[in-house]
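Note on naming: letters A, B, ... go to the chains in the order of the sequence lines (proteins, then strands), and numbering restarts at 1 for each one.
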Number of protein chains: 2
Amino acid sequence: MAKRVTLAEVAARAGVSPITVSRALRRPDTVQAETRARIDAAVAELGYVPDPAARALATGRADVIGVLIPSVTNAVFTDVLSGIYDGLADSRFDVQYAITRYDPGTEEKLIGVFLRQRPAGLIISGIDQTDAARRLLDRASCPVVQVMETGPDPVDMMVGFSHHDAAAAATRHLIDRGYRRPGFLGARMDPRTQRRFAGFRAEAEAGGVFDLDRVETTEVPSSVGGGAELLRALLGRHPETDAVFCNNDDLALGALFEAMRMGIPVPGQLGICGFNDLEMMRAAEPSLTSVRTNRFEMGARAVEMIRARLDGRDPGPAILDLKAEILARRSTDGPTGNRPVET
Amino acid sequence: MAKRVTLAEVAARAGVSPITVSRALRRPDTVQAETRARIDAAVAELGYVPDPAARALATGRADVIGVLIPSVTNAVFTDVLSGIYDGLADSRFDVQYAITRYDPGTEEKLIGVFLRQRPAGLIISGIDQTDAARRLLDRASCPVVQVMETGPDPVDMMVGFSHHDAAAAATRHLIDRGYRRPGFLGARMDPRTQRRFAGFRAEAEAGGVFDLDRVETTEVPSSVGGGAELLRALLGRHPETDAVFCNNDDLALGALFEAMRMGIPVPGQLGICGFNDLEMMRAAEPSLTSVRTNRFEMGARAVEMIRARLDGRDPGPAILDLKAEILARRSTDGPTGNRPVET
DNA sequence: GGCTAGAATGACAGCGCTATCATTAGATGA
DNA sequence: TCATCTAATGATAGCGCTGTCATTCTAGCC
């Protein structure tokens, strides 16, 4: 094991007291240049690295940004994580994350665990915390950012977008392109997914094209294979379906493959729209329409808001709406005979 | 902020000394049942949660498993992470991870940072550490597991497979299926990728079908779009190419889409084989051959080895080879006229 | 009854760092 | 020249917990 070098040893070597070394490290402008140079030299020679546990104990807070996400294997959340990492790259903060497995109870427990560490900030996915979790967060002494989604009642700050409105816009797009019998494919109907469904439903009803029986969902997590199965099931019941709004891109890709297997032309006989705009959507054949949900930026902005707050700068509006955007591609060019998409 | 409850307060409430509470929490069998009950009640009433920083400082070690991975946005590593999480779910250990961005220098630095915390164990991706990193790891006082890959010279323990052999097996599969002019598509040629290429090359040469000019690589990270571009470039130069071994599944999927765009029948005119067997491969149309690399299990086993070691149990062999397996699917059924794949 | 062994509990110190207040040295002005 | 102020540094205590003894108590034995 690398032998532990303590502050005291550095201090002895530099010929100053430990507290001066501590100061030199944390607020270099408060020690004389010459002293600081001696200390820096001693630090370098001994390979000193501060003990984060001792620091946390002495200061009563940890230089940690806690992050709570439902899953590590879902690209949506890892993109956010990546943005968080990027935003923290040049800072003294560490990221510490935990996985809720989409379970509010687990989330509640983990919030408690995190807050006892007195983190510098907390980033949490979504707006569907339990009442108890909400109370914990309300009393948190650090900045809290809810990401992925916006809502009316932030704990503290929020970065996201409206899943309802994004899904509604995607549905409107399908209608605008001439599809009249759209269906909905959904997996793991968590609260965000439910709100997307609500957006789909509202817009489809407004357009007079909603049919509850053209909704095909499953409780299992999304997957490409699952998208294929859902489409097959839906078309089995409703062969007249002329478009599907998919809960997410994996389902959309699966739907595309299944349509190929079934010999159904996309977009001529079936329009397909996904959600999240993973990279593959642009590259597919035909290219797949999706909804861009600036996930990386969500993470980066969440971190920026926390840092601004900690530094006493203005973190900007408490609710930051990163607006999802429809990326219209060939998979929704419209039923055979309709005009193609511009661009 | 949830008010901090200390051991001392719990002790006062239970009418015992702090140290007894500490013992009751950590080794319940060393305090009398009745005392323990009083303490448990006090803990519950006050909502006490131990301060990990104080514990780390007092014991000189942290109940943390450090994990170093190159990227969070690559599904390959998040699958491993997921396995790690699962293996640690019922334990007292936390996971703390850091991202090396595929940079050995960053990795070296992060190893140092982690080891100062005296973690309970360390899991690190790959076998390509710098000399300095290697020296740090050799002196580490905790179990170290290298994952993703096996090699001749473990720091401590290893769980993985031979990328060279897996790629060679995949290449053999292509040859067995009747492909005679195979190409190689690769992105971000990191050491593991290089070894996969070496395996491809060795086997293709052994089969007398290697042509260095049918190798198409790029430095940018893998993507589906990148796979499409690589295939287009390769076929531009070598239209006679009858199969591609792709560095990973994203490239393979992109190659499939590009083949569709170019009107090239898969597998009849072009065989496609990926690497990693992400979920979509099975669901694609045609289904895509890939190499299963038990990533989740790698994480789970790495954790199990560490836990066994910490508990004084037998962690099993120092080098655990999880054998990659070819999953033959329709995309490599063979050139037109050849027999189809069984099952 | 006196003694010992073992179980249960407690006192004390200290992990490495920093908050707080105290001290010193040098600069300023009448 | 001396009081006064500021900048730089130091002494002290303590963050919440646990390792290491020491102490108390009970049971068992001759």
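Among C:dC17, D:dC17, D:dG19, the nucleotide with an atom closest to any side-chain atom of B:Ile19 is D:dG19. The A:Leu57 side chain lies nearest to D:dC15 when the options are D:dC15, C:dC17, C:dA19. Nearest nucleotide to the side chain of A:Pro50, out of C:dC17, D:dT18, C:dA19: C:dC17.
The phosphate of D:dG10 has OP1 or OP2 within less than 4.0 Å of a side-chain N or O from A:Thr20. Between A:Thr35 and D:dT9 there is a side-chain N or O to OP1 or OP2 distance below 4.0 Å. The side chain of A:Ser22 places an N or O atom within less than 4.0 Å of a non-bridging phosphate oxygen (OP1 or OP2) of C:dT18. Taking 4.0 angstrom as the limit, A:Ser17 places none of its side-chain polar atoms (N or O) nearer than this to OP1 or OP2 of D:dT9. Between B:Gln32 and C:dA7 there is no side-chain N or O to OP1 or OP2 distance below 4.0 Å.
The interatomic distance linking A:Arg36 (CZ) with D:dA7 (C1') rounds to 14 Å, in whole Å. Rounded to an integer number of Å, the gap from CG of A:Leu7 to P of C:dA19 is 12 Å. Atom CZ of A:Arg27 and atom C1' of C:dT18 are 12 Å apart (whole Å). Following rounding to the nearest Å, A:Arg118 (CZ) and C:dA19 (P) show an atom-to-atom distance of 13 Å. Separating the CG atom of B:Asp63 from the P atom of D:dC17 is a distance of 14 Å, rounded to the nearest angstrom. Rounded to whole angstrom, the span from the CZ atom of B:Arg38 across to the C1' atom of C:dT9 amounts to 11 Å.
Residue B:Asp29 is the one, among B:Asp29 and A:Ala58, whose nearest nucleotide of DNA chain C lies closer to the 5' end (criterion: closest heavy atom). Where A:Arg61 and A:Ala53 meet DNA chain C, the nucleotide closest to each residue was compared, and A:Ala53 sits on the side nearer the 5' end.
Between the side chains of B:Thr59 and B:Arg61, no donor-acceptor pair is found at a separation under 3.5 Å. Donor-acceptor pairing under 3.5 Å is recorded for the side chains of B:Thr193 and B:Asp190. There is no side-chain donor-acceptor pair under 3.5 Å between A:Arg134 and A:Thr130. Side-chain polar atoms of A:Thr106 and A:Asp103 form a donor-acceptor pair below 3.5 angstrom.
Comparing the end axes of the helix from C:dG1-D:dC30 to C:dA30-D:dT1, each fitted to five base pairs by superposing C1' atoms of four pairs onto the next four, gives an inter-axis angle of 50° (nearest 10 degrees).
Among the atoms of the strands shown, only primed sugar atoms or phosphate atoms (P, OP1, OP2) are found under 4.0 Å from some heavy atom of B:Arg26. Within the nucleic acid shown, A:Pro18 has no heavy atom closer than 4.0 Å to any nucleic acid atom.
Residue B:Arg295 is tested with B:Leu81, B:Thr78, B:Leu322, B:Asp79 for a side chain to side chain contact (heavy atoms under 4.5 Å, CB included); the sole match is B:Asp79. Of the candidates A:Ile111, A:Leu136, A:Leu137, A:Leu137 is the only one forming a side chain to side chain contact (heavy atoms under 4.5 Å, CB included) with A:Val144.
A donor-acceptor contact under 3.5 Å is formed by the side chain of A:Arg23 with the base of D:dG10.
A salt bridge does not link B:Asp314 to B:Arg309: none of the charged nitrogens lies less than 4.0 Å from a carboxylate oxygen.
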* **Verdict with supporting geometry, A:Gln146 and A:Gln129, side-chain contact (heavy atoms from CB on, under 4.5 Å)** => CA-CA 10 Å; A:Gln146 290 161 291; A:Gln129 287 76 39; 3.1 Å; yes

